[in-house]
Amino acid sequence: MVEFHQIGEQQVSLRVPAKQDEHTIRSLLNRAYGQSNEGRLIKRLRACGAVVLERMATDRNGDLLGYLALSRVTGTGYGHRLKISCLAPVCVCPSTQRKGIGTKLIQSALDDLQGLGEDLVLVLGAPAYFSRFGFDSELAKKVHGPYAGPIFMALPFTQAGRIELPTDVTYATPFEEFE
Ligand SMILES: CC(C)(COP(=O)(O)OP(=O)(O)OC[C@H]1O[C@@H](n2cnc3c(N)ncnc32)[C@H](O)[C@@H]1OP(=O)(O)O)[C@@H](O)C(=O)NCCC(=O)NCCS
């Protein structure tokens with residue numbers, strides 16, 4: 001399914017990437033992050049079956065503007081029944097950043113994720129940006145894992161995601177490279 005949005009003067013389409021988009025996505029990740037680690041991460045997340053959801057944004061010519069992935073995180077202890085995922089990587093093409101594309105891409109993916117019955121989403125990023133989606137660094141203090149700190153945030157979708165904490169979390173194996 002393709003969603004169409006008018007963002008300023010730009011018509012942006014949001015859809016699930018296909019196999020043939022993988023090379024372009026990797027190239028965008030390399031440009032947006034200025035390194036190849038995130039491109040390698042998503043390739044390995046796909047290979048181990050940890051990806052929960054991927055989305056890409058394209059312009060009216062089909063050129064890639066933005067991309068994100070959410071992958072499975074495993075909770076243990078009190079929160080072991082929670083469905084938890086993490087948002088990473090997420091990027092917008094450097095030449096089209098700060099035009100609202102990232103906000104639309106992320107909000108649309110979070111809406112879809114909520115519809116899938118997820119309890120909690122984690123992210124590591126600028127609080128000034130991710131707080132607009134409801135990500136909360138105070139709540140994340142109850143989520144114990146490898147990325148604890150001031151830029152670690154959590155967004156609950158359900159009552160369980162708010163109260164069945166604290167929990168310890170383990171990310172998919174490809175994240176070990178970032179610990
Ligand atoms: C972070 C990113 C995805 C945002 O996408 P975007 O399309 O540029 O963002 P939007 O246009 O939706 O939002 C722009 C707003 O976010 C703010 N913003 C963007 N990046 C920010 C950052 N790193 N820190 C704080 N604020 C930021 C802008 O100031 C702007 O604020 P405003 O709405 O008050 O004007 C994009 O900048 C990017 O790809 N960055 C490189 C990769 C990255 O750092 N990813 C996130 C960490 S995993």
Side-chain angles (χ1 to χ4, degrees), residues 3-17 21-46 50-73 84-114 118 120-140 143 145-155 169 171-179:
E3 266 180 50
F4 295 98
H5 296 277
Q6 193 68 34
I7 303 178
E9 290 174 5
Q10 190 134 41
Q11 186 184 303
V12 175
S13 307
L14 303 181
R15 66 172 171 86
V16 176
D21 298 311
E22 289 180 7
H23 179 76
T24 323
I25 288 170
R26 196 160 179 175
S27 152
L28 173 65
L29 287 167
N30 292 349
R31 274 184 289 129
Y33 283 94
Q35 57 179 32
S36 58
N37 304 33
E38 284 75 13
R40 200 163 49 244
L41 171 70
I42 187 58
K43 187 176 181 198
R44 296 183 61 210
L45 287 170
R46 288 184 192 120
V51 173
V52 174
L53 186 154
E54 285 180 88
R55 282 290 178 281
M56 60 190 274
T58 58
D59 66 14
R60 63 174 73 235
N61 300 317
D63 291 333
L64 186 61
L65 298 173
Y67 168 80
L68 66 73
L70 288 130
S71 61
R72 181 55 64 215
V73 173
I84 309 173
S85 54
C86 73
L87 173 58
V90 49
C91 71
V92 169
C93 179
S95 61
T96 54
Q97 286 177 6
R98 307 204 163 200
K99 293 180 192 295
I101 296 166
T103 300
K104 190 62 81 179
L105 179 65
I106 294 167
Q107 192 58 62
S108 166
L110 292 175
D111 290 347
D112 288 353
L113 192 67
Q114 186 164 18
E118 208 72 6
L120 192 66
V121 190
L122 308 175
V123 75
L124 200 64
Y129 184 65
F130 287 99
S131 57
R132 72 184 59 196
F133 306 103
F135 283 99
D136 178 358
S137 43
E138 278 305 307
L139 185 72
V143 181
Y147 306 112
I151 64 167
F152 181 53
M153 285 164 283
L155 168 64
V169 291
Y171 283 64
T173 309
F175 278 96
E176 282 174 2
E177 186 183 342
F178 294 83
E179 288 176 11

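For ligands, and for the atoms within them, numbers begin at 1 and follow the listed sequence.
Y171 is linked by a ring-ring contact (aromatic ring centres under 6.0 Å, His included) to Y147, F175, counting only residues two or more places apart in sequence or in another chain.
Side-chain contact between V16 and R55 is present, with at least one heavy-atom pair separated by less than 4.5 Å. At least one side-chain heavy atom of L120 sits less than 4.5 Å from a side-chain heavy atom of V143. Between N37 and E177, the closest side-chain pair of non-hydrogen atoms falls below 4.5 Å.
When every heavy atom of G125 is checked against every heavy atom of M153, the shortest pair comes out as O-CE, 3.0 Å. The two atoms that bring C93 and L28 nearest to each other are CA-CD1, 3.5 Å, heavy atoms only. L14 approaches K104 most closely through the heavy-atom pair CD1-O, 4.0 Å. Closest approach of L70 to S85, counting heavy atoms only: CD2-OG, 4.1 Å. Of all the heavy atoms in I7 and V12, the pair that sits closest is CD1-CG2, 3.8 Å.
Of all the heavy atoms of C91, the ones lying under 4.0 Å from any atom of ligand 1 are found in both the backbone and the side chain. At a heavy-atom cutoff of 4.0 Å, ligand 1 is contacted by the side chain of R132 but not by its backbone. Contact annotation for K104 and ligand 1: no heavy atom of the residue comes within less than 4.0 Å of the ligand.
Across Q107, E38, R98, heavy-atom proximity to atom 6 (P) of ligand 1 is greatest for R98. For atom 18 (N) of ligand 1, the nearest non-hydrogen atom from the set F130, Y67, Y129 comes from Y129.
Nearest protein heavy-atom neighbour of atom 40 (N) of ligand 1: Q97 NE2, 3.6 Å. Of the protein's non-hydrogen atoms, V90 O, 2.9 Å is the one closest to atom 45 (N) of ligand 1. Of the protein's heavy atoms, G102 N, 2.8 Å lies nearest to atom 7 (O) of ligand 1. Scanning the protein heavy atoms around atom 44 (O) of ligand 1, the nearest turns out to be Y33 CE2, 4.4 Å. Looking only at protein heavy atoms, the nearest one to atom 39 (O) of ligand 1 is V92 N, 2.8 Å.
Ring geometry, F133 versus F130: the interplanar angle falls from 30° to 60°, so the pair is classed tilted.
Ligand 1 does not have G125 within reach: every non-hydrogen atom of the residue lies 4.0 Å or more from it. Close to ligand 1: G100, with a non-hydrogen atom less than 4.0 angstrom away. Proximity of A88 to ligand 1 is not established, as no heavy-atom distance is less than 4.0 Å.
Not a single N or O atom of A128, backbone or side chain, sits closer than 3.5 Å to an N or O atom of ligand 1.
Close approach to A32 involves these atoms of ligand 1, each under 4.0 Å from a residue heavy atom: 41 (C). For ligand 1, the atoms sitting less than 4.0 Å from at least one non-hydrogen atom of K99 are 11 (O), numbered in the order shown with element in parentheses. In summary, the atoms of ligand 1 found under 4.0 Å from a heavy atom of A126, numbered by their order in the structure, are 22 (C), 23 (N), 24 (N), 25 (C). Less than 4.0 angstrom separates some heavy atom of T103 from each of these atoms of ligand 1: 10 (P), 12 (O), 13 (O).
Salt bridge status for K99 with E9: absent, with no side-chain N to carboxylate O gap under 4.0 Å.
Residue L155 forms a side-chain contact (heavy atoms from CB on, under 4.5 Å) with just one option from D136, V123, L139, L110, and that option is L110.
Atom 2 (C) of ligand 1 is not flagged as protein-proximal [any protein heavy atom, distance under 4.0 Å]. Under the 4.0 angstrom criterion, atom 37 (O) of ligand 1 counts as having a protein heavy-atom contact.
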